Amino acid sequence: MILELFVSLSERLPVFRRWAWKRWYQHLAGYAVADWSFMNYGFELLENHPRLELAPADEDDRYCIQLYHHVASAIPLADQKVLEVGSGRGGGASFVKRYLQPKTMTGVDFSAKAVTFCQQRHVVDGLLFRQGDAEALPFEDASVDVVLNVESSHCYGSMPAFLQQVVRVLQPGGHFLFTDFRTVADIAVLQEQLLQCGLTMVSETTITPNVLRALEADSERKQKLIGRNIHGWLTRTFQQFAGVKGSKVYDCFRDGSFVYKSYVLRK
Ligand SMILES: C[S@@+](CC[C@H](N)C(=O)[O-])C[C@H]1O[C@@H](n2cnc3c(N)ncnc32)[C@H](O)[C@@H]1O
């Protein structure tokens, strides 16, 4: 009931959507849980692809990391200046810097608390975190080679305003590596926004089955993480947010009312 009300208000009132997500993520950033570095629904390969090699310390986050790997490995990142918008608790930016070795990696998030957490938790050469808004990025025109955006854009007040910023900060020839979900009714709107934004669409993939498989495989780990850190009435909210098996979010991906997409675009 509360989730339906939230989705309906978010769809109709962009100002409410922006405000509500900002409050929620500021709240989440207050949890100083060192082993919680990701906030996405994850990705699992469906066929017999070789398994991504990960250091033992990264294994717990395998599914969330695989979502980053799916999106960020679409083009070679070595020697590129990469900007991640909506970097959250920083695990994705850290993975990209350590494994895909761009020249620099900067994570931006509008939660100042999340940025402070990341600066203390992820200390890696060439990896920076700073506070900033997707709809007014604190970067010069044509100053980055790649913009990466993972499961963050559904929170924004204006997707076209964000896309304008992406086009502005990218160098000519630079890439926008993007993944997120929408309700099935809103997918056509997203598609049109991407086609109209001034970038060239290189590829588009529906990854809902991969995300669903990851939600299933990662559900037990998330339940344990929630059990260790969250108590009382907030437990149910966190289970919904994490999309554990049996949650409304999980059901929405399963019955097709939520669709998860990934895209590569070029300036
Ligand atoms: C679902 S989390 C995903 C975080 C991270 N990309 C990951 O996969 O773990 C969405 C993130 O987007 C950030 N965010 C939402 N709206 C934003 C905005 N307007 N500008 C910058 N960051 C924003 C939130 O603070 C949150 O950290």
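Positions are given from 1, in the same order as the sequence printed here. Please read all numbers here as calculations on a predicted model, not as lab measurements.
Seen from the ring of F110, K22 counts as a face-on cation partner, given the 6.0 Å and 45° thresholds. Because its NZ or CZ atom is both nearer than 6.0 Å to the ring centre of F117 and within 45° of the ring axis, R89 counts as a cation-pi partner of that residue. Geometric assessment of R236 against the ring of F241 yields a negative cation-pi assignment under the 6.0 Å and 45° thresholds.
Not one N or O on the side chain of R266 forms a donor-acceptor pair closer than 3.5 Å with the backbone of L199. In terms of modelled atom types and a separation under 3.5 Å, the side chain of D109 and the main chain of A114 share no donor-acceptor contact. In this structure a side-chain-to-backbone donor-acceptor pair under 3.5 Å is present from D180 to S153. Judged by distance alone, the side chain of K267 and the main-chain N or O of V167 form a donor-acceptor pair under 3.5 Å. Listed for the S87 side chain is a donor-acceptor partner under 3.5 Å among the backbone atoms of V108. When atom types are taken as modelled, the side chain of Q165 and the backbone of L137 share a donor-acceptor pair closer than 3.5 angstrom. Looking only at distances, a side-chain donor or acceptor of Q66 sits under 3.5 Å from a matching main-chain atom of F43. At least one donor-acceptor pair closer than 3.5 Å links the side chain of R62 to the backbone N or O of L52. Checking side-chain atoms of S143 against main-chain N and O of F139 turns up no donor-acceptor pair under 3.5 Å. For the pair T208 (side chain) and Y260 (backbone), a donor-acceptor distance under 3.5 Å is present.
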Under the salt bridge (charged side-chain N to carboxylate O under 4.0 Å, His left out) rule, what do K245 and D218 come out as? Steps first, then yes or no, please. CA-CA 9 Å; K245 276 205 258 180; D218 212 14; over 6 Å; no
ring-ring contact (aromatic ring centres under 6.0 Å, His included) evaluation trace for F238 with Y31: CA-CA 12 Å; F238 271 77; Y31 290 83; 5.5 Å; yes
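Between the side chains of E135 and Q164, no donor N or O sits under 3.5 Å from an acceptor N or O. Between the side chains of K81 and T104, not a single donor N or O lies within less than 3.5 Å of an accepting N or O. A donor atom on one side chain and an acceptor atom on the other are not found under 3.5 Å apart for Q240 and Y250.
For D35 against R228, the heavy-atom pair with the smallest separation is OD2-NH2, 3.4 Å.
With T179 as the fixed residue, the side-chain contact (heavy atoms from CB on, under 4.5 Å) test singles out one of V264, V71, V211: V71.
With sequence neighbours excluded, the residues satisfying side chain to side chain contact (heavy atoms under 4.5 Å, CB included) with W19 are F16, R23.
Surrounding CG of D255 are more than 12 heavy atoms belonging to other residues, nucleotides or ligands, all under 6.0 Å away. Counting heavy-atom neighbours within 6.0 Å of E53 CD, excluding the residue itself, gives a total of 12 or less. The neighbour count for Q26 CD, taken as heavy atoms of other residues, nucleotides or ligands under 6.0 Å away, is above 12.
No close placement of the Y68 and F95 rings is indicated, their centers lying 6.0 Å or farther apart. A distance below 6.0 Å separates the ring centres of Y41 and F253.
At a threshold of 4.5 Å between side-chain heavy atoms, the hydrophobic network of Ile, Leu, Val, Met, Phe, Trp and Tyr places M39 and Y156 in two separate groups.
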